[in-house]
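Notes follow once the structure below has been shown.
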Amino acid sequence: MCGTVTAGDEGQRLTVAGWVNHRRDHGGLTFIDLRDHTGVVQLVFNPATSPAAHEIAERCRLEWVLKVDGLVGRRPPGSENPNLPTGEVELTVEGCEVLGQAEAMPMGVSDELAADERVRLQYRYLDLRRPRMQRNLRARHRFIKSLRDVADELGFIEIETPTMIPSTPEGARDFIVPSRMWPGHVWALPQSPQIYKQLCMVGGLDRYFQIARCWRDEDLRADRQFEFTQLDLEMSFVEEDEVFLVLEEMISRAFATAFDIPVSTPWPRLPFSEAMRRFGSDKPDTRFGHELEDVSDIFRASSFRVFRGALDQGGSVQALRVQAGAELTRGELEGEWLQVARTYGAVGLAYMWRRSGVYEGAIAKFLSEEEQEALTARLGLQDGDCVCFTAGRTQVAQTSLGAVRLHAARRFGWIPPKRFDFLWVTEFPLFEADPATGRIGSVHHPFTQPHPDDWDLVRTEPTAVRSRSYDIVCNGVELGSGSLRITNPAQQALIFEALGLSAEEAQRKFGFLMSAFRYGPPPHGGFAAGVDRMVMLGVGESTIREVIAFPKTQSGADPMTGSPTPVAPEQLAEVGLRLAKVLERGGTDHDGREG
RNA sequence: GGCCCCGUGGUGUAGCUGGCCUAACACGCCACCCUGUCAAGGUGGAGAUCGGCGGUUCGAAUCCGCUCGGGGUCGCCA
């Protein structure tokens, strides 16, 4: 291979094949850097050695595919290249064959040559030649292989579950697949193998796992594609500790094997309520401190109307010390920073600077001496600091200031490099109320066990019920979630009731699972972890598109294949469907037609 | 559905307080020169009307509106 030729091969006759990465034509002597995924090696074409090969070297262009054979030799003294692993040697070409020609490239292939992501995706097959993509996808392979190896070692077996399953209205929007044999009926692509893996437990396959492809028809993000890969697993006869142990083992070992990143275990466990209180997030970035502080008690009797008003309405006041934040300008705080807080629903972002022992800023004059002193003591504020506040409904105040905390961390460089802080976030609420309708829904899914102490609250105060669900979070990224499941029909009925599902509805939607649980279900629990996100973290990328060979754009399209494509009426007719109206989408690139 | 950023030759950028832009630079491409380079070098050349449409103006890549496309994000993602 190109990148593996070393001084040890001196005197050897070798054949290598690869792409022309670079060409330096001196008229007579011509150098070509030949590249494959292992690296590059310098080829020397000397008209005196082989006129035929040299003629090809003169003619060939970037990204042509060559096969050459020649003699490995040490480079002349002084002409070694210390920046290259193969820099001590070169291959003097004796024979050369052109295996493939390339037209002028629409984009550069080296990592240094930036290209618009749209162009990269349109020519993804060229983009994949980049060392960065090669590295990412090969690391992804090693990671998945390692997960499988460890799972196998721990007694798990990989079971394939169907990709055409019944559609359920719960959760994310389904991708649906019309059925030809059943006109007017549809299949759905799984959002996860949830139900099937639980049925595996009933089936006595006590340790199931799967590297599972999942689909969710929702808007795309940096860390979300509508087609993604999960490490999905389920275990019988376990409680939290066993599940945690297995995942810590699998993931820490796979990180070490695939990315050479040591991950110590066990991981800290942080209850949801504590995560919200300290970090203003259910996926806290714990690589740095600078935690939120609830300062409601200080302002309980304040004359500052903004704080007092929030407290009187049952909300809270949250504070964040921004160390060395005195350098922040009013424009910055009232522009960018306020925008961050507003995005998460905060009405405003209050702030003060501390300089020469006094507080400055618009709100300082509204705070009493006592309040200021209490703040100074509570937050440890010093000269040169800034302090930011949010006030209002506690959850909004926490999440918006939590977002400000992350913004501040980037602005002031609080985040230490090369750290991977894994943790469990536990005891998520079992239910949440839709703020618009007041309807109760499951936070995780309806089969999640309530915390054993909270059964009584299911009827009386459902939103206060904690669940036996848990997330893995690393560096502020949610990597996956899981729970212990309900297997007792009476308990399950109580949950459905709290969700406002009638017995008939529950039977219709989940009947087969409920039926299964009538025949000796083992207690079980499991987890699903996002493979794309884990690999993203492991290779240091900031979007999962960089670790997926052929991803979609944010608008859910593929510029390379020009898909999705308009459906042909004949295709629809075959499955018994007809369009109500052809909706055209896209401009220059889609030649869809109004119909 | 909302908010924010971006769209100039094949690629990446500059220009964008309107007229010296008949659009500049680098890489790539084409031709020629060059036997030790490695972001090789030299000489010459082709290539964009500035995403699209509309408007303001005597005049727009530069201002405004709409639209298409890319990215980030809130909602959404059991």
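Chain A is the first sequence line, chain B the second, and so forth, proteins listed ahead of strands; every chain is numbered from 1.
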Inset, instruction - In whole angstrom, give me the gap between the P atoms of B/G47 and B/U35. - result: 32 Å

Legend entry - Closest nucleotide among B/U73, B/G71, B/C29 to the A/Leu62 side chain: B/C29

Legend entry - Aromatic ring pairing A/Phe272/A/Phe428, orientation class (parallel under 30°, perpendicular over 60°, tilted between): tilted

Inset, instruction - Tell me, yes or no, whether the heavy-atom count around A/Ile176 atom CD1, taken from other residues, nucleotides or ligands under 6.0 Å, exceeds 12. - result: no

Inset, instruction - Quick one: label A/Arg545 by what it contacts on the DNA or RNA (base, sugar-phosphate, nothing), any heavy atom closer than 4.0 Å. - result: sugar-phosphate

Legend entry - Interatomic distance, A/His26 NE2 vs B/U43 C1' [rounded to whole Å]: 17 Å

Inset, instruction - Name the closest nucleotide to the A/Asn81 side chain, picking from B/C27, B/A39, B/C34. - result: B/A39

Legend entry - B/U43 - base-pair partner by Watson-Crick or wobble geometry, distances under 3.5 Å: B/A31

Legend entry - B/G72 and B/C58, which share atom name P, separated by this distance in whole Å: 43 Å

Inset, instruction - Give A/Glu103 one of three labels, base, sugar-phosphate or nothing, depending on what nucleic acid heavy atoms sit under 4.0 Å from its own. - result: nothing

Inset, instruction - Whole angstrom is fine here: how far is it from CZ in A/Arg118 over to P in B/G72? - result: 15 Å

Legend entry - Residue from A/Arg120, A/Arg118, A/Arg132 passing salt bridge (charged side-chain N to carboxylate O under 4.0 Å, His left out) with A/Asp127: A/Arg120

Inset, instruction - For A/Gln122, answer base if it contacts any base atom (sugar-phosphate contacts may also be present), sugar-phosphate if it contacts only those atoms, and nothing otherwise; contact means non-hydrogen atoms under 4.0 Å. - result: nothing

Inset, instruction - Go through the N and O atoms of the side chain of A/Arg224 and the base of B/C76, and report whether any donor-acceptor pair is under 3.5 Å. - result: yes

Inset, instruction - Return the 5'-most residue of the pair A/Arg173, A/Asp223 with respect to RNA chain B, ranking by each residue's nearest nucleotide. - result: A/Asp223

Inset, instruction - Using whole Å, report how far CG of A/Leu121 lies from P of B/G69. - result: 15 Å

Inset, instruction - Would you indicate what A/Asp217 reaches in the nucleic acid, counting non-hydrogen atoms under 4.0 angstrom: base, sugar-phosphate, or nothing? - result: nothing

Inset, instruction - Tell me whether the OP1 or OP2 atom of B/G70 has a side-chain N or O from A/Ser555 closer than 4.0 Å. - result: yes

Inset, instruction - Taking atom P in both B/C74 and B/G65, compute the distance separating them and give it to the nearest angstrom. - result: 26 Å

Legend entry - Separation between the C1' atoms of B/U13 and B/U8, rounded to whole Å: 9 Å

Inset, instruction - Considering non-hydrogen atoms only, spot the tightest contact between A/Leu333 and A/Cys388 and give its length. - result: CD2-SG, 4.2 Å

Inset, instruction - Round to a whole Å and report the spacing from CG of A/Leu29 to P of B/C33. - result: 17 Å

Inset, instruction - Using a 4.0 Å heavy-atom cut-off across all strands, classify A/Asn46 as base, sugar-phosphate, or nothing. - result: base

Legend entry - Between B/U35 (C1') and A/Glu58 (CD): distance, integer Å: 11 Å

Inset, instruction - Spell out yes or no: do the side chain of A/Asp116 and the base of B/G12 have one donor N/O and one acceptor N/O closer than 3.5 Å? - result: no

Inset, instruction - Mark yes when over 12 heavy atoms from residues, nucleotides or ligands other than A/Gln491 sit less than 6.0 Å from its CD; otherwise mark no. - result: yes

Inset, instruction - Identify whether any heavy atom of A/Phe226 sits under 4.0 Å from a base atom; if not, whether one sits that close to sugar-phosphate; answer base, sugar-phosphate or nothing. - result: nothing

Inset, instruction - Kindly point out which of B/G72, B/U37, B/G75 is positioned nearest to the side chain of A/Ser79? - result: B/U37

Legend entry - Nucleotide paired to B/A24 in any strand shown, Watson-Crick or G-U, under 3.5 Å: B/U13

Inset, instruction - Could you tell me whether A/Pro76 contacts a base, only the sugar-phosphate backbone, or nothing, with contacts defined as non-hydrogen atoms closer than 4.0 Å? - result: base

Legend entry - Among B/G28, B/C76, B/G72, the one nearest A/Arg221 by side-chain distance: B/C76

Legend entry - P gap between B/G70 and B/G12, integer Å: 15 Å

Legend entry - Exercise: identify the closest heavy-atom pair between A/Glu94 and A/Ser50: O-OG, 3.0 Å

Inset, instruction - Describe the nucleic acid contact of A/Gln191 in one word from base, sugar-phosphate, nothing, applying a heavy-atom distance below 4.0 Å. - result: nothing

Legend entry - Length of the CD-P vector between A/Glu541 and B/G71, whole Å: 15 Å

Inset, instruction - Write down the distance separating the C1' atoms in B/C32 and B/G15, rounded off to the nearest Å. - result: 33 Å

Legend entry - Whole-angstrom distance between B/C6 and B/A46, as gauged at atom P: 34 Å

Inset, instruction - Could you tell me whether A/Thr168 contacts a base, only the sugar-phosphate backbone, or nothing, with contacts defined as non-hydrogen atoms closer than 4.0 Å? - result: nothing

Legend entry - A/Gln554 side chain, from C-beta outward: closest of B/C77, B/U11, B/U73: B/U73

Inset, instruction - Write down the partner of B/G69 under the Watson-Crick or G-U wobble criteria, each distance required to be under 3.5 Å. - result: B/C6

Inset, instruction - Identify, between A/Asp33 and A/Ala48, the residue whose nearest nucleotide on RNA chain B lies closer to the 5' end. - result: A/Ala48

Inset, instruction - Starting from P on B/C74, measure out to CD on A/Glu218 and report it in whole angstrom. - result: 14 Å

Inset, instruction - Indicate yes or no: at least one non-hydrogen side-chain atom of A/Tyr125 is less than 4.5 angstrom from one of A/Met560. - result: yes

Inset, instruction - From the options B/G12, B/U73, B/C29, select the nucleotide whose nearest atom is closest to the side chain of A/Ala114. - result: B/G12

Inset, instruction - Check whether the side chain of A/Arg216 and the base of B/C77 form a donor-acceptor pair under 3.5 Å. - result: no

Inset, instruction - Under 4.0 Å between any heavy atoms, over every strand shown, what does A/Val40 touch: base, sugar-phosphate, or nothing? Just pick one. - result: nothing

Inset, instruction - Among B/G36, B/G70, B/A31, find the nucleotide with the atom closest to the side chain of A/Glu117. - result: B/G70

Inset, instruction - Answer yes when A/Arg466 and A/Asp454 have at least one side-chain N-carboxylate O distance shorter than 4.0 Å, and no when they do not. - result: yes

Legend entry - Closest to side chain of A/Arg75, choosing from B/U73, B/C38, B/C76: B/C38

Legend entry - Whether A/Arg545 side chain and A/Thr553 backbone form a donor-acceptor pair below 3.5 Å: no

Legend entry - Span that lies between the C1' atom of B/U62 and that of B/C50, in whole angstrom: 10 Å

Inset, instruction - Please determine, for the side chain of A/Val119, which listed nucleotide (B/U37, B/G72, B/G12) has the closest atom? - result: B/G12

Legend entry - Nucleotide B/U11, atom P - distance to CZ of A/Arg130 in whole Å: 13 Å

